[in-house]
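Working notes, beginning with the structure itself.
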Number of protein chains: 2
Amino acid sequence: MADAEGRRSHRAGPAAGRVKMAEVAQAAGVSPASVSRALKDPESVSPDILARVHAAADRLGYSRNRIASSMAGARTPIIAIIVPTLTNAFFSRTIQSISGKIAPLGHQLMIGVHEYDQAQEESLIQSFLDWNPMALIVTGLHHSRGSTALLARAPCPVIEMWDYDKRPIDSVIGCSMDVAGRMVARHLIQKGRRNLIFAGHMLDRDPRAAARAAAFLGEVERYPEVTAEVLSLEGRNADAGYKMSEVIRRDHPDADGVAFSGDLIAIGALAGFSAMGVRVPEDIAVIGYGDLDPSGFSQPPLTTLRPPHHEMGAEVARHLLARLENPDHPSEMIDLGFRLIERATT
Amino acid sequence: MADAEGRRSHRAGPAAGRVKMAEVAQAAGVSPASVSRALKDPESVSPDILARVHAAADRLGYSRNRIASSMAGARTPIIAIIVPTLTNAFFSRTIQSISGKIAPLGHQLMIGVHEYDQAQEESLIQSFLDWNPMALIVTGLHHSRGSTALLARAPCPVIEMWDYDKRPIDSVIGCSMDVAGRMVARHLIQKGRRNLIFAGHMLDRDPRAAARAAAFLGEVERYPEVTAEVLSLEGRNADAGYKMSEVIRRDHPDADGVAFSGDLIAIGALAGFSAMGVRVPEDIAVIGYGDLDPSGFSQPPLTTLRPPHHEMGAEVARHLLARLENPDHPSEMIDLGFRLIERATT
DNA sequence: TATTTTCTTGAAAGCGCTTTCTTAGATTGC
DNA sequence: GCAATCTAAGAAAGCGCTTTCAAGAAAATA
């Protein structure tokens, strides 16, 4: 019999060989319960035990198995966050800022990327929920029916970020795509432009960009003398913007103002216009969206709408922490607004 | 007695109220063991049971508690990844690419950001290990002593990425910083430049940038007629680059070639030179590092060294999957190399 | 000194699954 | 037709912690 010859490992997993709490308890001459208490709530234990436990734990190189800990306790210190992409500085910056705030508190960030695919988003939500996270952060207010249902009955706070217009499931922290689209249109119109274009990428998949385009059109309708059209292109980087400028030049030669759905495209387009000898802003005004790092250093420097980059992460983290600390903390709806950064392209 | 009046919840956690496997088993009229088998290894049960279990699970809206599952089984389907920042497109792109490959297999990505702080990196490694991840991916080959020790005895594959020179702890997939620094120096020298500058940011904290700077200097030493100096500045975006150009102009008026440690700084500097009337590349040649999205669209388009952006994520994911599938899969050392993208600034 | 109250500590019962181990039933061989 | 072999399903033992509960010791009150 295997048992007769001592301990027999049930099976060998990654945890095999790790020091466990019982060993620390034995080494310290106390019960496992005391080790648990000493490690998690030092106040609740006598100084003598505290010292012995720490000594033993240090000597043995013990560190708590989070899985077991989550299993036994009711809470899993995981914050799940779902974004469309990490390629966009908006989201990666937000995540970084959240991460910086919660890591010191012992929470872990679990990240999911759905690449603007609603079905993928839904399956991410599902699998994240299976981890019993302490909170779930998703991007935007538009989700599939399934996702919405899942989020609605999630047993933890749900924060929707980077949007504002629709009613949230729980909390929403972001900025209004409708306002964004209108601000951009109004700016171009104020600059005297009359033949406008909204040039976006993947408007069929990115609901927030689509909402901005719709609002852009909606705003223009209030000015009978102004026309506007929405163009959508493939890809979503500076290359695509370059090509876009050629399309605009060719198919819309009388356009005198373009709003791009992102700064990177705008920067590519600026290079394209320059190569074709189209003068910006004399011949055509250009406005972007995002105010990315390089946007102020394009030639000419790009006018753009700056979403609340920094506030976003900070506010989400703040709200998150408040709700984790106090389960009765109410949901919130926070509109962080925009700032129009006027530089040389309009 | 509470027990007398039926089930009593030990305590109410986030999992409270969730359907559990036992309920599915009861609804399907089978044992919990069969439910577990039906869900995880459909082949191992009869079609009849399989069908009943699935029907019951669907009806009850059951989904497996991953924490409990990880606790009971030996494996936790978590891939932990630690990067210095998410703000840098290198890392966020790599993460996105890994995420895309592993999510369909049911693994979760846990992300940690240490912001170029070794102590923080160490504590991230420690806490990630506490989750029993299936693999740990870290950035670079330079870690604190503590981190190195932790990684060396990690019970899972450890992949170091985005570097190559030093000996890895386990596997390394990346590109050589030494090669990068030398390629950049050589390019400038080949273009006839003799008074070189390596302008970096946070060289004291970013060991990879520091390694490139050192290699740059090392290469220059082989050319007696060439001089070189390393400058380090605060911040790390286009703004800083703009200011840097002024510093270079003022303190090193005879410099005729600059290598920036990142494209964003280079782009800022390009704007700065242009504003000061310094002609690029006539008066001074500029080369960047990174080949970011906007780099090809600066004015003039930036010459830069392109690290293996895309291959990096793909290779890490491939290697990861191979090792997860087959625990005996050997460690690998993969050097992905660079490509010099010559555009107009040199 | 006797009695109540407070504080520490240990024993033990799970948390919700997975995985042996075991047994009952179906299949096959001689 | 009965023993030997195989298969499918259930029983039960944990995985490593946390937390309740109970008991004993110490402190406070009478």
Side-chain angles (χ1 to χ4, degrees), chain A residues 1-3 7-26 28-53 57 60 62-77 130-132, chain B residues 1-3 7-26 28-53 57 60 62-77 130-132:
Chain A
M1 268 167 66
D3 285 329
R7 213 175 88 216
R8 194 190 62 163
S9 83
H10 201 225
R11 55 190 169 268
R18 270 186 67 168
V19 178
K20 48 193 76 158
M21 190 176 271
E23 302 173 42
V24 176
Q26 184 155 36
V30 302
S31 71
S34 293
V35 176
S36 178
R37 281 189 280 250
L39 259 29
K40 139 171 300 203
D41 181 13
E43 308 288 287
S44 70
V45 113
S46 70
D48 171 47
I49 287 206
L50 184 60
R52 271 152 63 204
V53 167
L60 268 46
Y62 174 75
S63 90
R64 233 220 258 8
N65 179 329
R66 309 295 294 196
I67 295 287
S69 168
S70 303
M71 167 97 246
R75 2 202 59 218
T76 305
D130 292 343
W131 287 96
N132 275 334
Chain B
M1 270 170 68
D3 285 327
R7 212 176 90 215
R8 194 191 63 163
S9 83
H10 202 226
R11 53 188 172 270
R18 271 185 68 168
V19 179
K20 48 194 76 158
M21 189 175 271
E23 301 173 42
V24 176
Q26 183 155 36
V30 301
S31 71
S34 293
V35 176
S36 178
R37 280 190 280 252
L39 259 29
K40 137 171 302 204
D41 181 13
E43 308 288 286
S44 69
V45 296
S46 68
D48 171 47
I49 286 206
L50 184 60
R52 270 153 62 203
V53 167
L60 268 48
Y62 174 75
S63 89
R64 234 220 263 353
N65 179 330
R66 308 295 292 193
I67 296 287
S69 169
S70 302
M71 167 98 249
R75 3 203 58 220
T76 305
D130 292 344
W131 288 96
N132 275 334

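These numbers come from the heavy atoms of this one structure, side chains and all, not from hydrogens, waters or symmetry mates. In what follows, chains carry the letters A, B, and so on, assigned in the order in which the sequence lines appear, proteins first and then strands, with residues in each chain numbered from 1. Given the structure is predicted, the values throughout are model-derived calculations rather than measurements.
- Residue Met71(A) contributes atom CE, which lies 9 Å from atom C1' of dG14(C) at whole-angstrom precision.
- Among the heavy atoms of the strands, none lies under 4.0 Å from Val35(A).
- Distance from the side chain of Val45(B) is smallest for dA9(D) among the nucleotides dC17(D), dA9(D), dG10(C).
- The side chain of Tyr62(A) places an N or O atom within less than 4.0 Å of a non-bridging phosphate oxygen (OP1 or OP2) of dC17(D).
- Rounded to an integer number of Å, the gap from CG of Asp48(A) to P of dC7(C) is 19 Å.
- When all heavy atoms are compared, the tightest approach of Leu50(B) to Pro42(B) is CD1-CB, 4.0 Å.
- Close to dG10(C), at under 4.0 Å from its OP1 or OP2, lies no side-chain N or O of Arg37(A).
- At whole-Å resolution of the value, CD in Glu23(B) and P in dC15(C) are 12 Å apart.
- Ser31(A) has no side-chain polar atom (N or O) that falls below the 4.0 Å cut-off from OP1 or OP2 of dT9(C).
- Residue Asp41(A) contributes atom CG, which lies 10 Å from atom P of dT19(D) at whole-angstrom precision.
- For Lys40(B), whose side chain is taken as the heavy atoms from C-beta onward, the closest listed nucleotide among dC17(D), dC15(D), dT19(C) is dT19(C).
- A distance-only check finds a donor-acceptor pair linking the side chain of Arg18(A) to the backbone of Ser63(A) [under 3.5 Å].
- In this structure, the CG atom of Asp130(A) is 13 Å from the C1' atom of dG16(C), given to the nearest Å.
- A distance of 9.0 Å separates CG in Asn132(A) from CE in Met71(A), rounded to the nearest 0.5 Å.
- Residue Ser36(B) has a polar side-chain atom (N or O) positioned under 4.0 Å from OP1 or OP2 of dT18(C).
- Of the candidate nucleotides dT18(C), dA8(D), dA11(D), dT18(C) has the atom lying nearest to any side-chain atom of Arg64(B).
- Nearest nucleotide to the Ala72(A) side chain, out of dG14(C), dC17(C), dG10(D): dG14(C).
- OP1 and OP2 of dC17(D) both lie 4.0 Å or more from every side-chain N or O belonging to Arg66(A).
- Projected onto DNA chain D by closest heavy-atom contact, Gly29(B) and Ser34(A) fall at different nucleotides, the more 5' of which corresponds to Gly29(B).
- Here Ile49(B) lies in heavy-atom contact (under 4.0 Å) with sugar-phosphate atoms only.
- In this structure, the CZ atom of Arg52(A) is 8 Å from the P atom of dG10(C), given to the nearest Å.
- Side-chain N or O atoms of Ser70(B) include one that pairs as donor or acceptor with a backbone N or O of Arg66(B) at under 3.5 Å.
- At the phosphate of dC17(C), neither OP1 nor OP2 sits under 4.0 Å from any side-chain N or O atom of Ser70(B).
- Among residue pairs with one or both ends in residues 41-52 of chain B, those qualifying as side chain to side chain donor-acceptor pair (under 3.5 Å) are Asp48(B)-Arg52(B); sequence neighbours excluded.
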